[in-house]
Amino acid sequence: MSEAGIESRKAPTDAAVAIRNLSKSFDNVEVLRDVNLEVKKGDVVTILGSSGSGKSTLLRCINWLEQPERGSIHIAGERIGTTDDGRAMSVKALARVRAKTGMVFQGFNLWPHLNVLHNVTEAPIHVLGKSRHEAEAHARELLEKVGMSHKMDAYPNTLSGGQKQRVAIARALAMQPEVMLFDEPTSALDPELVGEVLGVIKDLSAEGYTMVIVTHEMAFSRAVSDQVVFLEKGLIIEQADPETFFTNPATERVQKFLERHD
Amino acid sequence: MNNWQILWQARDQFWSGFLSTMTIFGLSISAAFLIGCVMLYLLEGSRPRLAMPLRVFIDGMRMLPFLILAYLLYYGLPGLGIRLDAWWSGIGALAVYHGCYFAEIFRGARLTFPPGQVEAAKAHGFTKGKMFLRLILPQIIMQTRPLLGNQLIYALKDTAFLVIITVQELTAAANSLSGTYFIPTEAFIVVIGFYWAVSIVMEVIIKQCGRFSARRGFDNV
Ligand SMILES: Nc1ncnc2c1ncn2[C@@H]1O[C@H](COP(=O)(O)OP(=O)(O)OP(=O)(O)O)[C@@H](O)[C@H]1O
Ligand SMILES: [Mg+2]
């Protein structure tokens, strides 16, 4: 019996995200090596690691923006990207599972031709098939939550970076995802704008959203995480609760990393 | 009776020529726009076996003088057993020819389209077709608006070539009047006036559309 055969028989858990034996290469360089990670419903997991360690790649595999060569990923019990026998999912099925994740990018990636409200309602209407009325009511709530309801009619080009990112968060939330994925959501922001975005994410964690966050903000990671994961050259070399991770790291590598990021 | 009075009496001929020109222009440019959009969609990645021949076709068209294409459709197609009358072969030639120009304009803008926006669309569960129609195409159109405006004017001027394949449009009207009464200068001055008027109206409309895209941060003047 092949290794893959054994894997596929493992019952999916009820975790929001279950990553098993994930490997990914770019041009024959392994960027992720046999990564295993479970994110429980309602948990916040932050991913730390130095530049090039594979953090973004890991996050982007979760919603299949990158296709791993080996391993499996389940979102709320449903496998993404490939079927159990290893074949590629249909485009439609992939889009449907993808819609169970919400992603927030470093560069915001708002759609500039749509105003703030329509950025938030676009996918619920045209992907989920919600009515405009329902989508707008929900969008208004979410924009209120991220403190952007006063800019509903504004176009993205008139917003500050922090405002754009808060709209991007509302846009992702509007899909009512099982898990929110953040790839360095504050790295493109002026220092004085970082706080407003981190504040919104903290509020979401208090509300029980499941989130996976790649970040370089140590204090934030410590405050918001249920689990901290440290990636090094594509391997998870440490995984712990924030208290243990930040006060008593197991590896010398993490100790050094934390000293540098004080 | 002076020359201008002659032309005034023949105003019905100009008017019907003008109406044909505008009909040909309206139909062919709408079709060309659609063709451009469809070609852009077909050029969207992951279909090299389709994209390559399409690129060659677009480039081939752009390097062809329009007049020759019009000739080919009108005089050449019957040889293949396809017979179109002058009117429809003219419209067809304009549509395909300017469709290729539209496609090329769109393609240029597509190359610099921010990949992050496509990723955001994928991450929100968009599939290719909807993403193209709702997110990519509207932005490409807003961004290329000034070039599209120019292309409209080229297309309008190219309708005049159709006189050669006997389409009864505006230039044909002037041609026939100038031949009948030997007043080429005046006849063509009138026609120039028509072409200018339409061009200027189009310019104004395209400029107005610019305000729409400028508000969204597409500030090509
Ligand atoms: N599309 C790609 N093609 C080739 N190599 C890539 C690609 N994307 C990432 N890589 C490489 O994979 C490795 C991991 O990249 P990744 O972006 O996941 O790192 P990261 O931990 O997010 O780094 P950073 O903190 O700088 O964002 C890097 O060496 C990078 O150069
Ligand atoms: Mg990264």
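Below, read A as the first sequence line, B as the second, and so on, with proteins coming before strands; counting in each chain starts at 1.
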Please classify the contact between A:Ala174 and chain B as side chain, backbone, both or neither, with a heavy-atom cut-off of under 4.5 Å. neither
Sort out for me which residue in B:Arg134, B:Arg215, B:Met142 forms a side chain to side chain contact (heavy atoms under 4.5 Å, CB included) with A:His113. B:Met142
Are there over 12 heavy-atom neighbours, none belonging to B:Tyr75, within less than 6.0 Å of that residue's OH? yes
Can you tell me if B:Arg83 has over 12 outside heavy atoms packed within less than 6.0 Å of its CZ? no
Would you say that more than 12 heavy atoms from the other residues, nucleotides or ligands in this model lie under 6.0 Å from the CD of A:Glu144, or not? no
Among B:Ala121, B:Pro114, B:Pro115, single out the residue with the greatest number of heavy-atom pairs under 4.5 Å to chain A. B:Ala121
Give me the atom names and distance for the closest heavy-atom approach of B:Gly125 to A:Ala99. CA-CB, 4.3 Å
Do A:Trp111 and B:His124 make a side-chain contact, defined as non-hydrogen atoms from C-beta onward lying under 4.5 Å apart? yes
Heavy-atom neighbours of A:Lys40 NZ exceed 12 at 6.0 Å: no
Chain A contacts, top residue of B:Ala123, B:Ser213, B:Pro138 (heavy-atom pairs, under 4.5 Å): B:Ala123
In this structure, CG of A:Asn157 is separated from CZ of B:Arg216 (nearest 0.5 Å) by 9.5 Å
Highest number of heavy-atom pairs under 4.5 Å with chain B: which of A:Gln106, A:Met175, A:Arg171? A:Arg171
Residues A:Pro112 and B:Phe218: closest non-hydrogen pair is CG-CZ, 4.0 Å
Counting only heavy atoms closer than 4.5 Å, note whether A:Leu128 contacts chain B via side chain, backbone, both or neither. neither
Could you look at B:Lys122 and say if it's the side chain, the backbone, both or neither that has a heavy atom under 4.5 Å from chain A? both
A side-chain contact here means heavy atoms from C-beta on lying under 4.5 Å apart; do A:Glu122 and B:Leu135 qualify? yes
Counting C-beta onward and ignoring hydrogens, is there a side-chain heavy-atom pair between B:Thr127 and A:Val127 closer than 4.5 Å? no
